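Within every chain, numbering begins at 1; the chains are lettered A, B, ... in the order of the sequence lines, protein sequences first and strands thereafter. Owing to the predicted nature of the structure, the values given are computational and were not obtained by experimental measurement.
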There are 2 protein chains.
Amino acid sequence: MPDATDPAPMNMPSRRRFRREGEERRRQDLIEATLDSVAEHGLQGATLRTIALRAGVTAGLIRHYFPGKEELLQEAYAALMGRMTEQAKAALVMENASPRQRLAAFVTANLNAPIIDARVFSLWATFIGRARADPTLAHAHREGYLGFRNEVEAVVAEVLAAERCKSDASQLRHHAIAINAIIDGLWIEGCLAGEMFSPGELAAIGIKAVEAELGLAPEGEENQ
Amino acid sequence: MPDATDPAPMNMPSRRRFRREGEERRRQDLIEATLDSVAEHGLQGATLRTIALRAGVTAGLIRHYFPGKEELLQEAYAALMGRMTEQAKAALVMENASPRQRLAAFVTANLNAPIIDARVFSLWATFIGRARADPTLAHAHREGYLGFRNEVEAVVAEVLAAERCKSDASQLRHHAIAINAIIDGLWIEGCLAGEMFSPGELAAIGIKAVEAELGLAPEGEENQ
DNA sequence: AGGCTATTTATACACTTGCACAACAAGCTC
DNA sequence: GAGCTTGTTGTGCAAGTGTATAAATAGCCT
């Protein structure tokens, strides 16, 4: 009795069943699968077949949505950067908070999950390592970095204006560069060796370092 | 008239001439060629043939010195890390210098050439991006990082002992972590966007940030 | 000079890669 | 439901990959 519902007929290789997804959804899935593949196996391990497998499609489909592998990788990096800066900036929108509190919250947000994350760091490092050779990546990074630093500079200006008024343009820039470095450096340490720090420790170190850089009184417990 | 010295005989493909180099020399050349290839084309572009071409040999020879490509890459990374930490630590050996001066010199050395270098940064990022998946790389990094931080901690302890005596073990560790972050963060900024900073600017920012972190009097011009 | 050895070259091979293209079917429109 | 559009699959292909191995030769020893 031939089984009509046999899911694996021996000699009549039936085509794989599939569903048509919306274009935006498919692109998003493919980009996510790309980031997952890069995070796990690096750029060399992120092959079209690996990506497609992870996205639940076959490799050929990728060419239907992207001109080639390079464009897919570039869009994936852009998506990653966009998400990172978006999360970072989101910590700055606080109502009813003093500039100093907002700065502290910004530092804290950047030194805890989900921004402190080994996978995201792995992706960042992998892509940034190619920035020197790939102008597109370099430009995308430069854009995100400057945006981030401008945010920092704006908050710092507010803090300095609220506390004192020593706001030289050059000094402001230097403060922003230094604070950016503190956050970046601690971010890396946290991502690479998160288990070496107790919860909240990095944020505490970061806040103290940032406030020291700005010359804010460390013993000031005017809040809480 | 048959030309016996013809460098390119048409139908008698002569074998390529070669020289036998010392084993250590060849290994060194291959590792250097590997680093060059990775810096230029990333891990995916660093093929055995590319590496061999850059080293002036043919691909087969690599297998004579290394069990496989993976081992070559690991040794290359180890060599890179060794050179980096060596250069960094070298800035600490100063005679007739106060702890504060030594710390400043350390910061300055780490924020100028040859440690601020786009190629080295590219290599660092490329390898570190794979550390999460490759335990060998992760271990090599952890080793180098802790060594670096211990150096920082030692100098910081000297500085604090010379200036004041508030040397709590926990505070010392926090200072070392923060200072390490400052140096790392500024190092990244300098490597990725060196032309955005005037010469010595990063070092000046770094020294000020580090001294602020340690609570050293900024107006103290006791030297020079 | 002649021979030996191990460094070096060259070739082969199985496999993977990105890309091209034809066949197919999912789901909308009528 | 029939038909058409197009998202999706499957297959093929040339180029490139790491590795294995045989052949050749450079340079030391005597």
Side-chain angles (χ1 to χ4, degrees), chain A residues 7-31 33-34 37-38 40-76 126 130 134, chain B residues 4-5 7-34 37-38 40-76 130 134:
Chain A
M10 273 183 284
N11 44 6
M12 194 268 225
S14 71
R15 214 161 228 258
R16 169 181 179 167
R17 289 257 210 70
F18 62 91
R19 265 189 37 196
R20 302 184 132 180
E21 296 282 354
E23 163 165 351
E24 211 43 52
R25 169 66 185 275
R26 268 277 189 263
R27 291 178 66 90
Q28 204 71 16
D29 283 353
L30 285 173
I31 284 178
T34 303
S37 298
V38 173
E40 193 157 340
H41 305 104
L43 279 175
Q44 51 181 349
T47 71
L48 291 183
R49 286 166 177 83
T50 301
I51 293 169
L53 181 68
R54 206 182 277 265
V57 297
T58 54
L61 185 60
I62 293 181
R63 283 263 316 173
H64 193 82
Y65 288 100
F66 300 92
K69 188 191 179 186
E70 192 169 324
E71 286 80 6
L72 171 58
L73 284 172
Q74 284 169 358
E75 284 209 32
T126 301
R130 271 196 58 101
D134 187 335
Chain B
T5 66
M10 275 182 283
N11 42 6
M12 196 266 225
S14 71
R15 214 162 226 257
R16 167 181 178 164
R17 289 257 209 71
F18 62 92
R19 266 190 36 197
R20 303 183 122 168
E21 296 282 355
E23 162 165 354
E24 210 45 50
R25 169 67 185 276
R26 266 279 134 80
R27 292 178 66 90
Q28 204 72 17
D29 284 353
L30 285 173
I31 285 178
E32 203 57 42
T34 303
S37 297
V38 173
E40 193 157 341
H41 306 103
L43 279 175
Q44 50 180 352
T47 71
L48 291 183
R49 285 166 178 84
T50 301
I51 294 169
L53 180 68
R54 207 182 276 265
V57 297
T58 53
L61 185 60
I62 294 181
R63 283 262 317 173
H64 193 82
Y65 289 100
F66 301 92
K69 189 191 179 185
E70 193 170 326
E71 286 80 5
L72 170 59
L73 284 172
Q74 285 169 358
E75 286 209 32
R130 273 196 56 101
D134 187 335

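- Listed by chain and residue number, B:E23, B:R26, B:R27, B:L30, B:L61 satisfy the side chain to side chain contact (heavy atoms under 4.5 Å, CB included) test with B:Y65 (two or more places apart in sequence, or in another chain).
- With B:S37 contributing its side chain and B:A33 its backbone, the two residues share a donor-acceptor pair below 3.5 Å.
- Residues A:D134 and A:Q74 approach most closely at OD2-NE2, 3.8 Å, considering heavy atoms.
- Rounded to a whole Å, the CG atom of A:D29 is 10 Å from the P atom of D:dT8.
- Residues from residues 53-63 of chain A with heavy atoms under 4.0 angstrom of DNA chain D, sorted by number: A:V57, A:T58, A:G60, A:L61.
- Taking side-chain N and O atoms only, A:H64 has a distance below 4.0 Å to OP1 or OP2 of D:dG7.
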Please list, for nucleotides 23-30 of chain C, all pairs of protein and nucleotide N/O atoms separated by less than 3.5 Å.
from, atom 1, to, atom 2, distance (Å)
C:dA26, N3, A:R20, NH1, 2.8

inquiry  = Please encode protein proximity along nucleotides 12-17 of chain D as a string of B, S and -, counting only heavy-atom distances under 4.0 Å.
reply    = B----B

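- Straight-line distance from the CZ atom of A:R25 to the P atom of D:dG7: 16 Å, rounded to whole Å.
- Separation of atoms NZ (A:K69) and OG1 (A:T47) is listed at 6.5 Å; rounding is to 0.5 Å.
- Side-chain contact between A:T126 and B:L43: absent, with no pair of heavy atoms (C-beta onward) separated by less than 4.5 Å.
- Between the CD atom of A:E21 and the C1' atom of D:dT9 there is a distance of 15 Å, rounded to whole Å.
- To the nearest angstrom, P of C:dG18 lies 11 Å from CG of A:L43.
- Straight-line distance from the CG atom of A:L30 to the P atom of D:dG7: 13 Å, rounded to whole Å.
- Applying the side chain to side chain donor-acceptor pair (under 3.5 Å) criterion to A:R25, with sequence neighbours excluded, gives A:D29.
- The distance between atom CZ of B:R26 and atom C1' of C:dA6, rounded to the nearest whole Å, is 13 Å.
- The CZ-C1' distance, from A:F66 to C:dG18, rounds to 15 Å in whole Å.
- Residues A:Q44 and A:H41 approach most closely at CG-O, 3.9 Å, considering heavy atoms.
- A:I31 contributes atom CD1, which lies 10.5 Å from atom CD1 of A:I51 (distance to the nearest 0.5 angstrom).
- Partners of A:E40 according to the side chain to side chain contact (heavy atoms under 4.5 Å, CB included) rule, which considers only residues two or more places apart in sequence or in another chain, are A:R54.
- Between A:G45 and A:T50 the shortest heavy-atom distance is O-OG1, 3.6 Å.
- Judged by closest nucleotide on DNA chain D, A:Y65 is the one of B:G68 and A:Y65 placed further toward the 5' end.
- The shortest distance between side-chain heavy atoms of B:T34 and B:E75 does not fall below 4.5 Å.
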